[in-house]
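Everything numeric in this text was worked out from a predicted model, so none of it was measured. The chain is numbered in sequence order, starting from 1.
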Amino acid sequence: MNAPTTALPTVVIGAGPTGLAAAAHLTGHGMETLVLEAGPTAGSAVREWGHVRLFSTWSELVDPAAEKLLSPTGWTAPDGGTYPSGADWVEKYLQPLADVLGDKIRYGATVTGVSRLGRDRIVDADREQQPFTVRIKSADGTEERILARAVIDASGTWSTPSPIGADGLPALGEHAASARISYRVPDLRDPAVRARYAGKRTAVIGSGASAFTALASLADVAKDEPGTHSVWILRRGISGSTFGGGSADQLPARGALGLAAKAAVDAGHADAVTGFRTDVVERGDDERLILVADDGRRLDPVDEVIVLTGLRPDLSFLSELRLGLDERLQAPSELAPLIDPNQHSCGTVYPHGHRELSHPEAGVYLVGMKSYGRAPTFLAMTGYEQVRSVTAALAGDMESADRVELTLPETGVCGGAGLFDDPSAGEADGGGCCAPAPALVQIGSSAPASTAAAEEPAPSGGCCA
C-alpha cells in the first residue's frame with residue numbers, strides 16, 4: 001500500500017545558515033517543514049568557529065526570505081557593509097531566525113539514515129510514490145522514524161575534516177598522535193588554547209583561508225610569546241598565487257587575509273616547506289611529533305600540528321538513496337563541472353539551482369556546502385540561491401525555480417587545488433612560478449602576492465559555514 005505524502009513535511013537536515021534559509025523559503029511557500037539539527041542550538045557548527053571573522057559582508061549573509069520572516073518581529077538588519085564574526089552571525093541572525101521558526105526545528109536529532117518507505121536502494125516498484133523515511137537518534141539515545149515528502153540535506157561538511165595524508169587517508173601514526181593534532185583554526189583569545197601554542201613550534205598544514213588565518217593568528221602570539229614559531233607545510237611550491245587575491249580580490253577581507261599570512265612569513269614568524277606530502281607522523285623521544293614526507297624527508301620536531309587540508313561530505317546516512325555524485329568531487333553530477341576547482345574560481349561558478357542539484361532519486365537535494373562535496377570556498381549567497389530554487393521547485397513554481405540569477409565576486413582563491421603536479425599550475429598573471437623542487441624557504445618581502453589556490457573550503461576566515 002502506498003503511503004500518502006501530501007500532508008508530510010519536507011525534512012531539512014541541519015540548522016545552519018543554508019538549512020535555516022531553506023526552512024524560511026518553505027515557510028514562505030506555505031509548505032510544512034521540519035528541520036533536524038544534531039546540535040543543541042541553531043548554527044552549532046558556526047558557533048565552533050565563532051572567533052573567526054568572515055570575509056563576506058552582512059549584505060551577503062542574510063537570506064531574503066529569512067529577512068522577510070524576521071522583519072515583523074522588530075529585528076533590525078546589521079550594517080550591510082560590515083564583516084561579522086561567526087559568533088556575530090549566530091547571535092544577530094541565525095538564532096533570531098531559528099526563534100521565529102520555533103517548533104519547526106528539532107535539536108539533538110542526529111539523522112542516521114534516509115531511505116524510501118519499505119524500499120531499499122535496489123527496489124524499483126512504486127518507489128517514487130513512497131515517502132522518504134528519515135531515521136533519527138535523539139540526544140537521549142532513543143530512535144525514531146519520520147516520514148517526509150522531500151529531503152533537503154544542508155548538513156554541511158564541518159564534522160568531517162580531511163586528514164593529514166596527501167593521499168586523502170590519515171597519515172600513518174596520525175590517530176595515535178591525535179592529542180597534539182587539531183583540525184580547526186585555534187581560538188587564541190582563549191587562555192587555555194593560547195597556552196597550548198604559545199612558545200611552541202607548530203606545523204600548519206594547508207594552503208587556503210583557514211591556513212592563512214592560523215598563520216596570522218600564531219604570528220600575533222609570537223609577537224608577545226618568545227619561541228612561538230610556525231612551519232607552514234604546502235603540498236605545492238611557492239608561487240605568485242600562494243597568498244590570495246590581495247587588493248585584486250573582490251572580497252576585500254579575503255584578500256587582506258592572504259596578505260596577513262604573507263606578513264607573518266615576511267616577519268620571520270613562519271617558514272614554509274614546499275612540495276611536502278605528509279606520509280607518516282612519528283613520535284620523538286620527547287613526545288614531540290616528526291612529520292615524514294612520502295619522499296622520505298623528515299622535518300624537525302614540532303609540538304603541535306594544525307591540519308587545515310579541507311572538508312568532505314558525510315554520505316554514510318544517505319547510502320540507501322540513489323544519488324548521482326561526481327566520482328572526484330562527491331558533488332551532484334550536474335553541478336560538479338561548474339564548480340571544479342581545476343577550472344573555476346568562486347566568481348566563475350555558473351548560477352545553478354534545482355536542476356543541477358537533482359539526483360536520480362527524485363525529491364532529495366544536497367544543498368549548501370555539502371552540495372560542493374570536496375570543492376573549496378563555498379559562498380553563503382550561493383546556498384541561499386540554491387534553496388530558493390529548490391524550494392520553488394518543490395512548491396511547483398517551476399518558472400521561479402528555473403530563474404536562477406547570481407553574480408559572485410571574482411577571486412582566485414578557489415582555483416587549481418588538483419593541479420599541484422602541473423608546472424604551470426602556480427603561475428599567476430603577476431609572475432612567479434612553482435618552486436622546481438621541494439624546499440624549506442624563508443619568504444622575503446619581495447615575494448609576490450596575487451591570487452591563491454586553496455586546498456579547502458574554509459569556514460575559518462571564510463564566507464560560509
Side-chain angles (χ1 to χ4, degrees), residues 1-14 18-19 22-23 25-26 29 31-36 38 109-136 144-157 160 312-339 352-375 383 386-398 401-402 404:
M1 179 179 294
N2 293 341
T5 62
T6 53
L8 297 177
T10 293
V11 164
V12 178
I13 305 174
T18 306
H25 281 274
L26 289 166
H29 286 292
M31 300 170 65
E32 288 297 318
T33 182
L34 176 62
V35 181
L36 301 175
T110 300
V111 175
T112 59
V114 183
S115 187
R116 290 279 189 178
L117 182 64
R119 309 290 190 273
D120 64 18
R121 65 184 297 162
I122 299 175
V123 178
D124 291 332
D126 296 326
R127 185 176 188 85
E128 292 194 4
Q129 284 69 53
Q130 298 304 315
F132 291 97
T133 176
V134 182
R135 189 72 59 86
I136 66 171
E144 183 181 349
R145 183 184 69 186
I146 296 173
L147 299 183
R149 68 176 291 255
V151 175
I152 299 175
D153 183 358
S155 59
T157 57
T160 47
R312 54 184 59 177
D314 177 7
L315 301 168
S316 60
F317 60 87
L318 304 175
S319 62
E320 291 304 317
L321 297 177
R322 298 175 178 180
L323 302 181
L325 298 175
D326 179 73
E327 66 274 10
R328 293 181 305 133
L329 297 183
Q330 295 179 298
S333 299
E334 295 299 315
L335 176 61
L338 309 181
I339 61 174
H352 59 275
H354 74 105
R355 296 195 184 277
E356 292 82 2
L357 297 168
S358 296
H359 294 275
E361 190 83 69
V364 62
Y365 299 92
L366 276 59
V367 300
M369 184 172 281
K370 190 164 186 176
S371 73
Y372 268 40
R374 299 193 185 196
Q386 287 179 342
V387 297
R388 186 204 63 77
S389 174
V390 165
T391 55
L394 291 174
D397 185 355
M398 301 311 296
D402 288 334
V404 183

Closest non-hydrogen atoms of V35 and A23, given as atom of the first, atom of the second and distance, are CG2-CB, 3.6 Å
What one should report as the nearest heavy-atom pair of S389 and G353 is OG-CA, 3.5 Å
Report yes if some heavy atom in the side chain of I146 is under 4.5 Å from a heavy atom in the side chain of L36; otherwise report no. yes
Say whether, by atom type as modelled, one donor and one acceptor occur between the side chain of E32 and the main chain of L8 under 3.5 angstrom. no
Indicate yes or no for a side-chain donor-acceptor contact from T391 to the backbone of A395 under 3.5 Å, with no hydrogens or angles considered. no
Enter the distance from I152:CD1 to S371:OG here, rounded to the nearest 0.5 Å. 12.0 Å
Please report the interatomic distance CZ(F317) to OG1(T112), rounded to the nearest 0.5 Å. 9.5 Å
Answer yes when R116 and E128 have at least one side-chain N-carboxylate O distance shorter than 4.0 Å, and no when they do not. no
Only counting residues at least two apart or in another chain, list the ones meeting salt bridge (Lys or Arg N to Asp or Glu O under 4.0 Å) with D120. none
Could you grab the distance from atom CG of L357 to atom CG of L366, nearest 0.5 Å is fine? 8.5 Å
CA sep, side-chain torsions, deciding dist, call: D153, L318, side-chain contact (heavy atoms from CB on, under 4.5 Å): CA-CA 10 Å; D153 183 358; L318 304 175; 3.4 Å; yes
Working to the nearest 0.5 Å, report the span between CD of E334 and CG of L325. 12.0 Å
How close do L335 and Q386 get, heavy atom to heavy atom, and via which atoms? CD2-NE2, 4.4 Å
Closest non-hydrogen contact found for T157 with G373 is CG2-O, 4.2 Å
Does I13 reach the side chain of V151, with side-chain heavy atoms less than 4.5 Å apart? yes
Charged N to carboxylate O below 4.0 Å: is that the case for E361 and R127? yes
Is there side-chain contact between Y365 and L394, with at least one heavy-atom pair below 4.5 Å? yes
CZ-OG1 distance between F132 and T10, expressed to the nearest 0.5 angstrom: 9.5 Å
Side-chain donor-acceptor contact under 3.5 Å, K370 with S155: yes
Looking at E320 and R121, would you say the former's side chain and the latter's main chain have a donor-acceptor pair under 3.5 Å? yes
Would you say CZ of R145 has more than 12 non-hydrogen atoms from neighbouring residues, nucleotides or ligands within 6.0 angstrom? no
Can you tell if the side chain of V114 reaches within under 4.5 Å of the side chain of T133, non-hydrogen atoms only? no
Taking the side chain as C-beta and beyond, is there a heavy-atom pair between V111 and V134 under 4.5 Å? yes
Who passes salt bridge (Lys or Arg N to Asp or Glu O under 4.0 Å) against D402, sequence neighbours left out? R355
Restricting to non-hydrogen atoms, name the atom on I122 and the atom on R322 that form the minimum distance, rounded to 0.1 Å. O-NH2, 3.0 Å
Interatomic distance, CG@L117 vs CG@D126, rounded to 0.5 Å, equals 11.5 Å
Are P313 and R374 close enough that some pair of their side-chain heavy atoms sits under 4.5 Å apart? yes
What is the minimum heavy-atom distance between P360 and G324, and which atoms define it? CD-N, 3.3 Å
Are H359 and P332 side-chain neighbours, meaning at least one heavy-atom pair lies under 4.5 Å? yes
